[in-house]
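Sequence lines set the chain letters: A, B, ... in the order given, protein chains first and strands last, and positions in each chain run from 1. Hydrogens, waters and symmetry mates are skipped; everything else that's a heavy atom, side chains included, is used.
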Amino acid sequence: MGSPANHDNVASLATDFYSLLESFKETPFYHLLFEIFLVLTVLWLILFRKPRRIEKKLTEKEKQELIDEWQPEPLVPPVDANHPALNVRVLDGIVGKTIEIDGKKSLNFATFNFLNFVGNPRITDKAIQAVQKYGVGSCGPRGFYGTIDIHLELEERLAHFFNCEEGIIYSYGFSTVASIIPAYSKRNDILFVDEGVHYAIQKGVEASRSTVKWFRHNDISDLERLLVEQDIHDKKNPKKARTLRRFLIIEGLYMNYGDLCPLPRMVELKYQYKYRIFMDESVSFGTIGQTGRGVTEYYNIDRRKIDLISSSLEYSVGSIGGFAVGSSFVVDHQRLSAQGYCFSASLPPLLAAAAIEALNIMEEEDTTLCDTLMEKSKRLHQKLLDIKGYLIVGEDISPLKHLRLTNSQNTVARLEEIVEFAQTRGITITVARYLNDEHRLPEPSIRLILNVEMTDEELEFLCTVLQEARVKVTV
Amino acid sequence: MLASSSSKLSHATLVHRYPPSKLHSEEEMSDTVFSSDENEMNYKRENVTHKDDENLQCEEFEETPLYAAILTYLSYAILCLFGWLRDFLRNSNIEKKRGAVDPNAALGFVPLYQSYESFYTRNMYTRVRDIFNRPIASVPGAQFELTERISDDYNWTYRYTGKTINAINLGSYNYLGFAEKSGPCATDAINALKTYGVSSCNTRIELGTQRYHVELEQLLANFLHVESSIAFGMGFATNALNIPAVASKGDLILSDEMNHISLILGMRLSGASYQTFAHNDMKDLEAKLRAAIVHGHPRTQRPWKKIIIVVEGVYSMEGSICRLPELIALKKKYKAYLYMDEAHSVGAMGKNGRGIMDYFGIDANDVDILMGTFTKSFGSAGGYIAGKKSLIDHIRVNSHANTYASSMSAPVVQQIISSLQLLKRPEGQKRICQLADNTRYFRQKLVDMGFIVYGNKNSPVVPMLIYMPARVTRFNREMLRRGIAVVTVGFPATKLLDARVRFCISAAHTRQMLDTALMAIDEIGTDISLRYSTRHQSRRLREL
């Protein structure tokens with residue numbers, strides 16, 4: 001602490017230091033500068049110089065060699081000549097309740113002709129009148145003289161039918177929902193999508209580039225789990241959460257499964273977790289509900305709670321195209337942002353006229369079409385349950401049912417044999433076809449579609465044939 | 001300075017040459033593109049074709065005059081200022097808020113639209129909304145009836161007076177004049193309705209294929225001189241749903257920067273990587289092709305599995321034509337594939353209406369994938385893809401539209417079949433010639449008057465540049481007042497500076513209708529000073 005030796009050491013250090021400083025003062029300036037420069041250079045070499053990357057510059061000759069060597073794949077891979085798409089049945093005539101294949105008449109349980117509007121003379125007459133007034137094509141997109149007064153009439157009628165503020169029509173059923181979803185949901189927005197939705201919705205979801213959270217088909221608890229997870233995530237970053245939109249994408253009646261979505265619970269969750277509901281009612285429009293107004297009518301839910309209902313004119317209505325209804329605030333946005341609406345030619349007027357007439361028939365005072373359809377669906381469901389060996393997938397009131405074979409017998413090959421056998425007996429049914437890149441490929445099944453004009457005897461006949469077919473195929 | 005005069009209107013004249021691409025100068029062409037052991041006769045033939053190509057490829061894209069550019073930017077700046085002012089007034093409740101209100105607004109939901117997205121809609125689009133989405137009440141032929149609509153609140157809402165306005169139609173895509181409500185095509189369509197009904201309610205792969213679908217596809221393949229074809233119900237969907245069937249992850253797509261949005265959507269959905277090259281610039285394309293083959297994928301360095309070049313036949317906003325002979329040469333040299341979207345050119349271009357290949361005299365099998373639509377030239381609806389049988393079979397198996405979308409409606413298909421059959425007969429040939437005549441006449445007159453017109457002199461799409469948003473709107477409204485309906489487009493369909501009016505010429509237009517339109521354009525062009533061209537002298541119509 002205070003020993004004389006330490007003192008001496010400190011003192012000597014101090015004198016050394018002092019003399020060092022003095023010598024600094026005496027050295028020439030340029031010498032100092034040079035030393036400082038050397039020190040800085042060493043520091044730079046150690047800290048900042050990056051290791052030299054080997055430059056990958058190719059010579060022209062090498063580039064030309066690479067170009068000459070490169071062999072592309074053939075444009076398309078070879079396809080199996082036996083694929084069903086290359087061996088379709090070619091029909092000739094009206095595909096109504098009965099169709100003629102190879103000269104034989106058979107009952108049609110395969111096409112989406114729920115209300116039997118295909119070939120309806122009233123509808124055909126109206127379509128003919130439209131051709132005589134407007135020609136066939138509309139020759140332009142909606143923005144450039146492709147809007148025909150009959151389109152506006154159809155939009156009004158659809159909005160009126162659903163008791164919504166506004167409607168908008170598209171010229172192709174597939175593009176309807178595939179254009180609607182990307183118009184609202186952008187990158188970083190969150191989509192909660194049921195795994196069982198049909199392919200057009202899957203493409204719409206893909207095109208939107210949003211964050212997708214799939215939940216198990218019709219499993220509310222799985223959806224709740226995802227919502228709770230998202231909620232926790234939001235609480236960590238509330239500022240960001242306020243800018244992320246959330247949507248629930250569901251179908252009213254699922255085309256791939258024939259069952260209804262649990263809408264009441266989903267609407268409750270909507271107000272709790274603040275997401276908007278986009279429901280696709282392609283199959284349930286005209287088939288579910290007392291007057292065919294869909295799942296909201298069936299469950300008696302106020303349609304204003306659903307933000308947007310999209311549907312297709314290609315199933316019950318028997319025309320071509322699609323539409324969406326909802327509040328003006330939501331629907332009007334599509335007129336400038338939905339690609340399939342703005343950049344595509346509008347619906348040919350004759351198809352719009354056919355749709356209007358179909359709506360007229362559906363809205364007639366004494367019509368019981370939809371009610372009858374639901375009743376018959378229930379009866380068919382009961383009859384089908386009585387057949388051994390089949391698994392019936394779908395609600396009892398659904399006119400669209402999926403039939404699978406039980407146990408491990410359910411393969412596409414066996415189902416096709418059943419279809420062939422049924423054809424020889426005068427029943428036309430079809431195996432449901434999918435592309436392999438579906439998000440969740442459904443199990444192979446026969447898609448059975450009920451036409452409202454089918455009589456009880458015909459339904460009995462269908463069941464008999466199905467029974468015989470199963471016995472023949474699984475022997 | 002003028003290269004043409006009014007007496008030479010009946011055949012093509014060289015007005016002003018856009019510099020041809022320096023891809024191959026004429027001496028080198030035989031060495032690099034065509035094998036050197038080709039005999040002299042072939043060389044001479046190819047050389048002549050090349051010279052002809054220059055004539056066919058003649059396109060003009062005059063530069064934007066500086067004062068127009070400045071004034072346009074100024075206009076948008078003023079519009080923005082007023083937009084902010086109005087928004088401020090609306091938000092402070094001094095001005096009434098119009099437009100729909102979110103029913104869920106007060107409940108804590110995240111706003112459905114960003115306020116800046118709808119800034120444009122509220123403050124710029126709504127001011128001029130009456131020039132778009134005009135409803136019509138008749139067949140969209142050469143002349144049609146527009147429903148009269150009046151707005152009492154500056155375009156927020158409309159009411160229909162019940163009257164109609166008769167106008168000459170320069171806006172609809174009716175190139176060959178097949179938008180008719182009577183005549184052989186309409187009669188056939190009505191018969192088809194009686195025989196088949198409106199729709200089959202099923203997909204092509206299940207029970208939706210009818211005899212007339214097969215007939216249409218065969219007829220189309222014969223018409224285009226290809227092996228096979230497949231048709232779909234919507235042109236937009238044809239691109240968006242079939243490009244994924246052809247391209248996939250690991251492929252590279254090189255697309256022209258002016259390609260239609262359906263092509264871009266298809267490319268995105270396919271999962272392939274895509275790059276754009278400058279519009280119709282073959283040098284840029286070649287550079288990108290070379291770079292792509294040499295370096296491969298930018299991150300993984302793996303070679304591309306295949307390279308597809310996507311172009312359009314006629315570009316609908318520019319009026320230009322793709323440089324097909326050079327594209328074919330490039331494609332063969334670098335072993336790439338070519339996808340050509342002929343939405344606006346099938347039926348409208350070429351001696352026999354077969355599209356761009358017919359126009360340049362090229363074998364259809366050189367283009368790998370031909371796509372087109374039926375909406376424009378055939379007066380119907382839908383799209384098709386044509387090519388080799390292996391390609392079409394693959395598309396049949398893998399296309400989204402074939403498996404999930406409803407098959408085409410009978411009258412729509414019959415209209416196409418009837419118009420295709422008509423095109424083979426002299427009456428159809430007459431329509432094609434009439435369209436070519438009308439196009440050249442109209443374009444020549446516009447150019448001679450001193451307006452800036454873009455595009456190829458043979459393309460029936462005639463864009464005339466107006467630049468300023470206020471002038472564009474005034475032009476549209478003035479034309480309607482004189483009984484002519486035109487289509488004007490601005491941002492965001494075009495670049496910010498290049499607002500334009502786009503005329504679509506039809507074979508159904510008579511010389512008298514075109515003259516009426518030209519007189520109106522002349523008058524309005526003088527009133528609001530639209531004669532921007534510095535390459536051509538400004539003249540009144542009566543002087544021509």
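Between chain B and the options A:T124, A:V76, A:L66, the largest number of non-hydrogen pairs under 4.5 Å is found for A:V76. Per-residue counts of heavy-atom pairs under 4.5 Å with chain B were compared for A:M255, A:E166, A:R447, A:E69; the largest is that of A:R447. Contact tally against chain B (heavy-atom pairs below 4.5 Å) for A:D437, A:I449, A:D332, A:V131: the top residue is A:V131. Of the residues considered (A:N108, A:I148, A:D125), A:I148 shows the highest number of contacts with chain B, using heavy-atom pairs under 4.5 Å. Ranked by heavy-atom pairs under 4.5 Å with chain B, the first of A:I150, A:I123, A:I128 is A:I128. Heavy-atom pairs under 4.5 Å with chain B were tallied for A:A81, A:P84, A:P141; the largest tally goes to A:P141.
With a 4.5 Å cut-off on non-hydrogen atoms, A:R335 does not touch chain B at all. Looking at A:P77, the atoms closer than 4.5 Å to chain B (heavy atoms on both sides) sit in the backbone and in the side chain alike. For a residue to count as touching a neighbouring chain, one of its non-hydrogen atoms must lie under 4.5 Å from one of that chain's; by this rule A:V136 touches chain B with backbone and side chain alike. Using a 4.5 Å cut-off between heavy atoms, A:S346 does not touch chain B at all. Of the two parts of A:L336, only the side chain, counted from C-beta on, holds a non-hydrogen atom closer than 4.5 Å to a non-hydrogen atom of chain B. Using a 4.5 Å cut-off between heavy atoms, B:R396 contacts chain A through both its backbone and its side chain. Of the atoms belonging to A:T243, it is backbone heavy atoms, and not side-chain ones, that fall under 4.5 Å from chain B. Contact annotation for A:A130: neither backbone nor side-chain heavy atoms come within less than 4.5 Å of a heavy atom of chain B. If you measure heavy-atom distances from A:A354 to chain B, the contacts under 4.5 Å come from the side chain alone. For chain B, no part of A:Q202 is nearby; none of its heavy atoms comes within less than 4.5 Å. For A:D92, the parts sitting under 4.5 Å from any heavy atom of chain B are the backbone and the side chain alike. For B:A189, the part lying near chain A is the side chain, with the backbone staying farther off; criterion is any non-hydrogen pair under 4.5 Å. With a 4.5 Å cut-off on non-hydrogen atoms, A:R246 touches chain B through its side chain but not through its backbone. Of the atoms belonging to A:R142, heavy atoms from both backbone and side chain fall under 4.5 Å from chain B. Heavy-atom distances place both the backbone and the side chain of A:S328 under 4.5 Å from chain B. Contact of A:L347 with chain B is not made at all, since no heavy-atom distance falls under 4.5 Å. Heavy atoms closer than 4.5 Å to chain A are found in the side chain of B:L241, but not in its backbone. Heavy atoms of B:Y175 lying under 4.5 Å from chain A are absent altogether.
No hydrogens or angles considered: a donor-acceptor pair under 3.5 Å links the side chains of B:T164 and B:E145. Side-chain polar atoms of B:Y113 and A:R245 form no donor-acceptor pair below 3.5 angstrom. No donor-acceptor contact under 3.5 angstrom links the side chains of A:N87 and A:H83, judged on distance only.
Relative to the six-membered ring of A:F247, A:R276 misses at least one condition, a distance below 6.0 Å or an angle of at most 45° to the axis.
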Would B:K333 and B:E286 count as a salt bridge (Lys or Arg N to Asp or Glu O under 4.0 Å) if you check the C-alpha gap in whole Å, the side-chain angles of each, and the deciding distance to 0.1 Å?
CA-CA 10 Å; B:K333 183 175 174 191; B:E286 190 176 13; 3.1 Å; yes

So A:H333 and A:S337, side-chain hydrogen bond (donor to acceptor under 3.5 Å, both in side chains) or not? Walk me through it.
CA-CA 6 Å; A:H333 179 71; A:S337 320; 3.2 Å; yes

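A salt bridge does not link B:D368 with B:K388: every distance from a Lys NZ or Arg NE/NH1/NH2 to an Asp or Glu carboxylate oxygen is 4.0 Å or more. Salt bridge annotation for B:E206-A:R89: absent, with no cationic side-chain nitrogen under 4.0 angstrom from a carboxylate oxygen. At a threshold of 4.0 Å, the pair A:R242-A:D234 does not count as salt-bridged, since none of the basic side-chain nitrogens sits closer than that to a carboxylate oxygen.
Between A:Y145 and B:F144, the ring centre distance stays below 6.0 Å.
The main-chain N or O of A:D68 is found under 3.5 Å from a side-chain atom of B:K335 such that the two form a donor-acceptor pair.
Counted within 6.0 Å of NZ on B:K389, heavy atoms from surrounding residues, nucleotides or ligands total 12 or fewer; the atom is thus considered open.
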Contacts table for residues 313-320 of chain A: side-chain donor-acceptor under 3.5 angstrom, sequence neighbours left out:
residue, atom, partner, partner atom, Å
A:E314, OE1, B:S406, OG, 2.9
A:E314, OE2, A:G173, N, 2.9
A:E314, OE2, A:G321, N, 3.2
A:S316, OG, A:F285, O, 2.4
A:S319, OG, A:L351, O, 2.8

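Contacts of B:Y404 classified as ring-ring contact (aromatic ring centres under 6.0 Å, His included), with partners at least two apart in sequence or in another chain: A:Y199.
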